[in-house]
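For reference, the structure is listed below as structure tokens.
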2 protein chains.
Amino acid sequence: MAERKIRNMEEFAEISGISRPTLSKYFNDPDSVRTSTRTKIEQALEQYDFRPNIYAMNQNRKMTKTIGVVVPYLADPFFAEIARNLERQCLDAGYSPILFSSHGEQKLENDILDSLRSQKPAGVLFGPLGRASDRGAVEKFCREVPTVFFDANIEGVGEAFIGSDNFQSVPLIVDYLCRSGEPPCFFEMQPVNPNANKRRKAFKQAMDRLGHEPVVIRADGDGWGFEEVGYKEGLKLIEKRQFPSSTVLCSNDRLAIGLLAACFEKGLRVGLGSGCAMRVAGHDDHPFSRFTCPPLTTVAQDYRAITSKSVETLFQLIESGRDGAEKSETLFEGKLVMRESA
Amino acid sequence: MAERKIRNMEEFAEISGISRPTLSKYFNDPDSVRTSTRTKIEQALEQYDFRPNIYAMNQNRKMTKTIGVVVPYLADPFFAEIARNLERQCLDAGYSPILFSSHGEQKLENDILDSLRSQKPAGVLFGPLGRASDRGAVEKFCREVPTVFFDANIEGVGEAFIGSDNFQSVPLIVDYLCRSGEPPCFFEMQPVNPNANKRRKAFKQAMDRLGHEPVVIRADGDGWGFEEVGYKEGLKLIEKRQFPSSTVLCSNDRLAIGLLAACFEKGLRVGLGSGCAMRVAGHDDHPFSRFTCPPLTTVAQDYRAITSKSVETLFQLIESGRDGAEKSETLFEGKLVMRESA
DNA sequence: TATGTTTTTTTACGCGCGTAAAATTTAAAT
DNA sequence: ATTTAAATTTTACGCGCGTAAAAAAACATA
């Protein structure tokens, strides 16, 4: 290594004995040059460690090798995990992911889209805020940049959506709860995205099908501090004895975590055994749900599948060009995760 | 808005009536032009929405407006929170933060530094892996890019370090635990960074000072799956009745969360009241610690202060240039957070 | 060896903007 | 009104690389 400092591709062409245009081709796609020249380049690369100036590279390329990854709320480990998987898969495919979090704020989401647009990314993997998203801004963005939505859909926008099949996953756990004890009520908060709405609907359908009255409790509070809402509203409801059932299916795990804290504070034992006053279940299999007290029964989203499919879909889109095909939607099934809370 | 599509600064100069070099100045620093011209520009900007090509901008600028933010493990909400604060403060100061997570892997951390270097950032806010960091790679990086370390220090590298004063925070909670019940033992895992070591030392010192035997339990397991380690090792220790004290001070909250799960599973009631078999305390005031069962007694890191100071320090560094000054180190005090677990 | 095909080299231009220098205008101060 | 300082315009060049076109070289095939 070392020897002379290489300042640009011109100099690297000199010392490697390969012409600059060929080098340019190589750095754009290593497989686009003959193997013999490729090895020559890579040998020189080991000796002199040179990296082309990314700014000069991207300036005239119609398409960069950048992939934008946008999640609605990064402080949620669920999205952190998803982001991590998406990042890695982009990296493996030779792209450069850049990660953004909207932190639950519309303004931030719009700013991200703006700054993203000016980076001319090859494509974007977009987990939108949902209800709080600025549809107009998102539409405009998607017209310019190939976009795959995950987690939450925005109808009619973007090239594809990959998510979970709430109409499969929710009945799954409703069935389980009904056959193992008192039929559940549904505990939700102000819906932040379409998933929340679908889960409520799916709950109602499933309960109807089983011949039970579907009772939904809507907690006050909004934003992305789900645990807080679950806790505070849980406390209130317990105090007023307003839970219509001792079995509570929460719209998501984070809400359930908050509710568990409330139950604990109120001395209500949660679980299935005798001596338990309540059962609490969630949805998503949040990374921390294994460590709640008691461990949370929930239905796991297949986020491996979701991330893989999202990335694959985007790459196909990028390689084949946007051929005006209809938006594709892929939903993965959830798996019941039985733990001690219900 | 709209009318004609502006393709570059040249065209924007035409329609705005401002010369291109002045526009260039404006986009680099809006305050560097006369207010009258500034308003002219901003009026035109509202009409025609034009954004200079970032790649062309950064190509020849010696210094970009980019700030790298690197955290060791983003799936940890503690770091997610820190990252969020850092991001926002960079944004507010007119810089563009780009976020990276090393996901606990040295290779990834090195890759990040590599890709970061090629982006010529104005500076980097760096939360290193710690023990797993590649000192040589980090040193090399810091020679090229102004770097402020936070959370974990790497001695002798970078321009500044901002973190918590473990030798204040740990005695704080040790004192509390000792005066409110049985003196604690210290539960740690393979240290991932200097903080872990310092906390152990601080524990020993504090116990010595109070005239108690300082007993440390080292859990097997490494990596960043702290809850898992705390849970599994906790189970083992409880089964074998090897906890030397019924009061356990954990090296951090995530470990404590795992231990709480183990206690719950083993039917050990945690808390201070009568009828409680154990007391468990943590360190950091992790965002989820409020929602554990029971809520976790811990000592809060002042991450507001840490992030603010980190960003301020970096900006000073950037503006004043690196004048070979000695590395500065700032430590903030922790605050005792008494909840029900101890 | 001759032929056709693929790859590389040579040459040359352009991208969009930074920036330096000199000329000019504007604002502030006397 | 005059002087002085500061900001802006004009002009011009350069950054590092993408990329197109034509010429040359390398390879494949018969």
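Here is how names work: the chains are called A, B, and so on, in the same order as the sequence lines, proteins then strands, and each is numbered from 1. Keep in mind it's a predicted model, so treat the numbers as computed, not measured.
Looking only at side-chain heavy atoms (C-beta outward), B/Asn58 and A/Ile54 stay at 4.5 Å or farther from each other. Side-chain contact between A/Val124 and A/Ile67: absent, with no pair of heavy atoms (C-beta onward) separated by less than 4.5 Å. A heavy-atom distance below 4.5 Å is found between the side chains of A/Pro97 and A/Leu91.
Chain A approaches DNA chain D over the interval D/dG16 to D/dC27, counting the first and last nucleotide 5' to 3' with an atom under 4.0 Å from its heavy atoms.
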Verdict with reasoning, A/Thr22 to A/Ser19, per side chain to side chain donor-acceptor pair (under 3.5 Å): CA-CA 5 Å; A/Thr22 305; A/Ser19 73; 3.0 Å; yes

Criterion side-chain contact (heavy atoms from CB on, under 4.5 Å) on A/Val69 and A/Phe100, from CA distance to verdict: CA-CA 6 Å; A/Val69 176; A/Phe100 297 91; over 6 Å; no

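Checking A/Gln59 against B/Asn53 by side-chain atom types alone, no donor-acceptor pair falls below 3.5 Å. Remark: the A/Tyr48 side chain and the A/Glu11 side chain contain no N/O donor-acceptor pair separated by less than 3.5 Å.
Relative ring orientation between A/Trp224 and A/Tyr73 is described as parallel, the plane-to-plane angle staying below 30° on a 0-90° scale split at 30° and 60°.
Phosphate proximity of C/dT9 to A/Ser19: present, with a side-chain N or O under 4.0 Å from OP1 or OP2.
What you find for A/Gly94 and A/Lys65 is that their closest heavy atoms are O-CD, 3.9 Å. Closest approach of A/Pro121 and A/Thr64 over heavy atoms only: CA-OG1, 3.5 Å.
Among the atoms of the strands shown, only primed sugar atoms or phosphate atoms (P, OP1, OP2) are found under 4.0 Å from some heavy atom of B/Phe50. Nucleic acid contact class of A/Ser36 (heavy atoms, under 4.0 Å, all strands): none.
At a non-hydrogen distance threshold of 4.0 Å, A/Val33, A/Arg34 from residues 25-35 of chain A come into contact with DNA chain C.
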Grab the N/O contacts between the protein and nucleotides 28-30 of chain C below 3.5 Å, and write none if there aren't any.
none

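Taking the nucleotide of DNA chain D with the nearest heavy atom to each of A/Asn8 and B/Leu23, the more 5' of the two is matched to B/Leu23.
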